[in-house]
Amino acid sequence: MPELPEVETIKRELEEKLVAKKITDVIVNNPKVIREPQNKDFVNQLKGVTIRHILRKAKLLILELSNGKALTIHLKMTGQLIYPGTGKKSRVSFLLSDGKLLDFNDQRLFGELRVVDDWHKLRFIQSLGPELSTLSPKNFQKMLTGKNTRIKPLLMDQAFISGIGNLYAAESLFQARIRPDRAASNLSDKEKQALFFAIKRVLNEAIRCGGSSVDDYVRLSGKKGNYASKHKVYDRKGEPCLVCKTTIKRINLGGRGTYFCPKCQR
DNA sequence: AATGGGACCTGCGCGC
DNA sequence: TGCGCGCAGGTCCCAT
């Protein structure tokens with residue numbers, strides 16, 4: 001479930017550890033995670049190139065390379081990047097010029113590695129909406145007007161706002177005291193503003209904590225992030241609300257488990 | 001156009 | 001105990 005805070009955490013750690021290092025070899029243990037290019041070109045295009053810059057767009061990691069190409073990494077649900085790695089359970093390992101490995105692990109094989117000429121042209125990138133951090137509260141308010149769809153699936157719609165997934169949508173809506181099944185268009189201006197600041201606060205705090213380690217997510221070092229202990233509703237079905245002690249409910253919205261407090265959130 | 005559901009995968013936890 | 005099933009959720013794709 002890596003979302004914006006988890007990917008941002010890894011991005012910062014990669015930046016610190018990998019920039020200016022060279023990829024000297026690539027060990028492919030499971031080619032399934034390599035989406036582009038399909039053949040040996042993936043390895044050939046990476047061997048001997050230096051990692052110049054590391055970027056994050058929504059939940060996608062982008063490593064810009066000295067040959068003008070980019071290595072993009074999407075962790076999807078169970079992807080991990082570990083440095084220094086062991087190569088033991090990795091799907092793909094990158095041997096670096098310092099003699100250490102960068103491991104890409106991914107239990108469920110949903111993750112995606114690509115080498116592309118121009119990452120800006122990726123369809124995934126082209127379809128992304130803005131990140132909340134680039135918006136003003138007024139912008140955000142305007143974007144919500146006329147949207148009859150339910151607020152939680154809307155927040156998770158990467159074409160609308162990018163970076164937010166199931167966990168942070170739930171936590172942000174709790175902080176803003178808004179029920180996840182409300183129609184976006186019927187939120188008051190005050191609620192829209194509260195939501196804007198709640199998302200900002202939740203994402204920033206999660207980044208400060210190094211992300212939420214539920215399921216498989218770990219930081220680059222292999223250590224867990226610390227935000228999971230701060231969750232108010234996510235994965236707390238049947239437990240008492242930390243504010244009012246009402247039992248946290250779980251409903252299904254847009255095919256996703258959705259946690260909320262029926263009393264605090266209206 | 002918005003929404004729902006399935007597909008992609010694997011491991012875990014549940015109920016019987 | 002062991003088995004089968006549902007579930008976890010990011011993204012794409014198709015149907016309605």
Side-chain angles (χ1 to χ4, degrees), chain A residues 1-11 29-36 38 56-62 72-81 88-92 103-114 116 119 121-129 131-132 143-173 180-186 203 206 211-218 224-225 227-228 231 233-239 248-260:
Chain A
M1 41 86 349
E3 304 178 28
L4 187 153
E6 288 74 29
V7 182
E8 177 65 20
T9 297
I10 293 182
K11 181 251 175 188
N29 297 316
N30 192 326
K32 190 145 204 160
V33 296
I34 297 171
R35 306 305 169 106
E36 193 179 344
Q38 299 283 2
R56 178 192 59 76
K57 295 288 166 190
K59 305 167 192 170
L60 186 72
L61 285 164
I62 301 162
T72 67
I73 303 173
H74 201 305
L75 302 173
K76 293 288 182 82
M77 251 90 75
T78 55
Q80 301 176 328
L81 284 172
K88 288 267 166 63
K89 56 171 184 172
S90 74
R91 304 304 192 177
V92 175
D103 282 354
F104 175 72
N105 301 336
D106 188 9
Q107 183 175 99
R108 288 170 70 182
L109 297 171
F110 281 12
E112 301 186 352
L113 304 183
R114 300 187 142 80
V116 295
W119 61 263
K121 290 187 181 152
L122 283 170
R123 195 171 46 151
F124 176 76
I125 291 289
Q126 303 258 334
S127 68
L128 288 177
E131 295 195 11
L132 190 90
M143 287 172 67
L144 288 174
T145 53
K147 287 279 181 186
N148 289 315
T149 150
R150 290 163 306 186
I151 187 65
K152 179 178 173 260
L154 184 63
L155 292 180
M156 293 172 62
D157 179 354
Q158 303 299 298
F160 179 70
I161 298 267
S162 61
I164 300 170
N166 201 36
L167 192 160
Y168 292 106
E171 293 298 320
S172 300
L173 285 164
D181 54 359
R182 291 268 301 279
S185 56
N186 96 15
L203 293 182
S212 297
S213 281
V214 301
D215 298 328
D216 288 13
Y217 166 75
V218 288
K224 294 187 174 196
Y227 193 72
H231 295 173
V233 290
Y234 183 78
D235 206 20
R236 295 196 65 246
K237 178 192 172 186
E239 295 176 43
I248 299 299
K249 274 184 85 172
R250 179 189 185 278
I251 58 171
N252 193 300
L253 273 193
R256 297 290 169 247
T258 299
Y259 301 87
F260 69 103

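Each chain gets a letter, A, B and so on, in the order its sequence line appears, and its residues count up from 1.
Residues meeting the ring pair (Phe, Tyr, Trp, His ring centres under 6.0 Å) test with A:Tyr227, sequence neighbours left out: A:Tyr168, A:His231. Judged as a ring pair (Phe, Tyr, Trp, His ring centres under 6.0 Å), and not counting sequence neighbours, the contacts of A:Phe124 are A:His74.
Rounded to whole Å, the P atom of C:dC5 lies 15 Å from the corresponding atom of B:dA7. Annotation: B:dA2 and C:dG9 have their P atoms spaced 25 Å apart (nearest Å). Separation of the C1' atoms belonging to B:dG5 and C:dC7 is 16 Å when rounded to the nearest angstrom.
Using modelled atom types, no side-chain atom of A:Gln80 and backbone atom of A:Val218 make a donor-acceptor pair closer than 3.5 Å. Between the side chain of A:Arg91 and the main chain of A:Asp106, a donor-acceptor pair closer than 3.5 Å is present.
In this structure, the CZ atom of A:Arg114 is 13 Å from the C1' atom of C:dG10, given to the nearest Å. Taking atom CG of A:Leu4 as the reference point, atom P of C:dG9 lies 18 Å away to the nearest angstrom. Atom CG of A:Asp157 and atom P of C:dG9 are 17 Å apart (whole Å). Protein atom CD of A:Glu3 is 9 Å distant from nucleotide atom P of C:dG9, rounded to whole Å. Going from atom NZ of A:Lys152 over to atom P of B:dA2 covers 19 Å, rounded to whole Å. A:Tyr217 places its OH atom 17 Å from the C1' atom of C:dG9, with the value rounded to the nearest Å.
A:Tyr234 comes within contact range of the sugar-phosphate backbone alone, with a heavy-atom separation under 4.0 Å but no base atom that close.
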Practice item. Could you encode protein contacts along nucleotides 10-16 of chain B as a string, one character per nucleotide from 5' to 3', using B for base contact, S for sugar-phosphate-only contact and - for no contact, with a heavy-atom cut-off of under 4.0 Å? Key: BS-----

Practice item. Encode nucleotides 11-16 of chain C as B, S and - characters from 5' to 3', where the letter depends on protein heavy atoms closer than 4.0 Å: B to the base, S only to sugar-phosphate, - to neither. Key: BSS---

Exercise for review: Toss me the dot-bracket line for DNA chain B: Watson-Crick and G-U wobble, both under 3.5 Å, 5' to 3', using | for pairs to another strand and [ ] for crossers.
Suggested key: .|||||||.|||||||

Can you give me the N/O atom pairs linking the protein to nucleotides 3-5 of chain B at distances under 3.5 Å, or say none if there are none?
residue : atom : partner  : partner atom : Å
B:dT3   : OP2  : A:Thr149 : OG1          : 3.0
B:dG4   : OP1  : A:Arg150 : NH2          : 3.4
B:dG4   : OP2  : A:Arg150 : NH2          : 2.8

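Closest of all the heavy-atom pairs between A:Val233 and A:Ala170 is CG2-O, 3.6 Å.
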